[in-house]
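Each residue takes its place number in the sequence, starting with 1.
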Amino acid sequence: MIQYIAPVFIGLLYSLLMSLIREPHRRRFNAIMVGGAGAAYLSGGGLDGWEFAFTVVATYVAYRGLESWTFIGIGWLLHTAWDIVHHIKGNPIVPFAHGSSLGCAICDPVIALWCFRGGPSLLRFFRRERSGEPAATALPGSLSAGRSAGNG
C-alpha cells in the first residue's frame with residue numbers, strides 16, 4: 001500500500017519545494033526538470049530507438065514549457081505514460097528498484113496537476129491559512145486592504 005501512497009506525497013513534496021523558487025524562474029526550472037525526466041531512460045530503458053524518439057518529443061515539450069506551465073504539465077503526463085510502458089515492457093527507471101517506474105507513474109500526474117494550475121506557490125497557500133484568512137478566498141494585499149477598510 002505504501003508503494004502507492006508514497007509517490008503521491010513525493011509529488012506534493014516536489015511541488016512544495018518548487019515553491020521556494022520565485023517566478024518566472026520556477027516555471028523555467030520546471031521546464032528543465034521535465035526535459036531531464038524525458039531523458040531518464042536513455043541509458044538503459046530497454047526500448048532501443050524508442051528511447052531516443054521519446055527524448056526528442058520530451059525535449060520539444062520542455063522547450064515549449066520554458067514559457068508555458070501547460071506544456072510542462074503535458075511533459076509530466078507524457079513521462080507518466082512512458083513510465084507505464086517501462087513498468088510493463090521495459091526496464092525500471094531506477095535499475096535496482098523494480099517498482100520505481102510504477103512509483104514514478106503515480107508521482108508524475110500529481111506534479112502535472114500542480115503545473116496545470118500554473119505552478120502556484122504552495123508556501124503562499126499555507127501562509128494565508130496560518131494568518132487566519134482562508135486560502136481559497138484570500139485576495140491580493142491591496143484588494144484585501146480595500147475591503148477591510150469598507151471600500152469593497
Side-chain angles (χ1 to χ4, degrees), residues 1-140:
M1 183 63 139
I2 191 75
Q3 70 186 25
Y4 303 112
I5 296 172
V8 172
F9 285 110
I10 292 169
L12 292 171
L13 180 62
Y14 174 91
S15 302
L16 183 64
L17 289 174
M18 288 298 110
S19 297
L20 296 171
I21 303 172
R22 293 183 184 212
E23 281 291 2
H25 306 293
R26 181 183 318 135
R27 183 188 64 244
R28 293 181 185 138
F29 185 83
N30 276 275
I32 293 167
M33 291 296 287
V34 80
Y41 289 104
L42 266 180
S43 67
L47 298 176
D48 303 321
W50 291 109
E51 303 293 356
F52 291 100
F54 180 79
T55 301
V56 168
V57 171
T59 300
Y60 172 76
V61 171
Y63 173 73
R64 294 293 307 268
L66 289 169
E67 301 298 329
S68 168
W69 277 107
T70 300
F71 272 95
I72 298 169
I74 290 168
W76 284 115
L77 291 181
L78 286 171
H79 194 261
T80 299
W82 205 232
D83 289 326
I84 292 168
V85 169
H86 279 85
H87 180 68
I88 296 169
K89 293 268 187 195
N91 299 328
I93 195 165
V94 179
F96 55 84
H98 176 69
S100 59
S101 290
L102 177 61
C104 200
I106 295 168
C107 175
D108 292 351
V110 174
I111 299 169
L113 288 173
W114 174 72
C115 292
F116 287 133
R117 300 261 322 170
S121 173
L122 299 181
L123 297 176
R124 283 186 182 177
F125 175 80
F126 290 118
R127 285 184 190 134
R128 287 183 181 149
E129 278 206 1
R130 237 184 321 146
S131 69
E133 187 173 355
T137 60
L139 300 171

TODO: Give the minimum heavy-atom separation between Ile72 and Arg27, together with the two atoms involved.
DONE: CD1-O, 3.3 Å
Task: Heavy-atom donor-acceptor pair, Ser15 side chain to Ile111 backbone, under 3.5 Å - done: no
TODO: Provide the closest heavy-atom pair for Ser101 versus Pro92 in the form atom of the first, atom of the second, distance.
DONE: OG-CA, 3.3 Å
Open item on the list: Would you compute the distance between atom CZ of Arg117 and atom OG1 of Thr70 and round it to the nearest 0.5 angstrom?
Closed with: 12.5 Å
Task: Between OG on residue Ser121 and CG on residue Leu20, distance to nearest 0.5 Å - done: 8.0 Å
- [ ] For Gly11 and Val110, work out which heavy atoms get closest and say how close.
- [x] C-CG1, 3.8 Å
Open item on the list: Using 0.5 Å steps for rounding, measure from the OG atom of Ser68 to the OH atom of Tyr63.
Closed with: 12.5 Å
Task: Atom pair SG/CD1 of Cys107 and Ile10 - distance to nearest 0.5 Å - done: 6.0 Å
Open item on the list: Closer than 3.5 angstrom, by distance alone: can the side chain of His79 be matched with the main-chain N or O of Ala37 as a donor-acceptor pair?
Closed with: yes
Open item on the list: So, applying ring-ring contact (aromatic ring centres under 6.0 Å, His included) with Phe54, which one of Tyr41, Tyr60, Trp82 is it?
Closed with: Trp82
Open item on the list: I need the Leu47 CG to Leu42 CG distance, nearest 0.5 Å.
Closed with: 11.0 Å
TODO: Kindly compute the distance separating CE (Met18) from CG (Leu122), expressed to the nearest 0.5 Å.
DONE: 11.0 Å
Task: Contact summary for Gly75 and Val34, nearest pair of heavy atoms - done: C-CG2, 3.4 Å
TODO: For Arg26 and Ile21, indicate whether the former's side chain and the latter's backbone hold a donor-acceptor pair under 3.5 Å.
DONE: yes
- [ ] Please determine, by modelled atom types, if His87 and Asp83 share a side-chain donor-acceptor pair under 3.5 angstrom.
- [x] no
Task: Note, Pro120 side chain near Trp114 side chain (heavy atom, < 4.5 Å) - done: yes
TODO: Identify the heavy atoms of Trp76 and Ala112 that sit nearest to each other, and give their distance.
DONE: CB-CB, 3.8 Å
Task: Derivation of the side chain to side chain contact (heavy atoms under 4.5 Å, CB included) call for Leu77 and Asp108 - done: CA-CA 7 Å; Leu77 291 181; Asp108 292 351; over 6 Å; no
Task: Heavy-atom closest contact (Phe116 atom, Gly73 atom, distance) - done: CZ-C, 3.5 Å
Task: Worked check of side chain to side chain contact (heavy atoms under 4.5 Å, CB included) between Glu23 and Trp69 - done: CA-CA 11 Å; Glu23 281 291 2; Trp69 277 107; 3.0 Å; yes
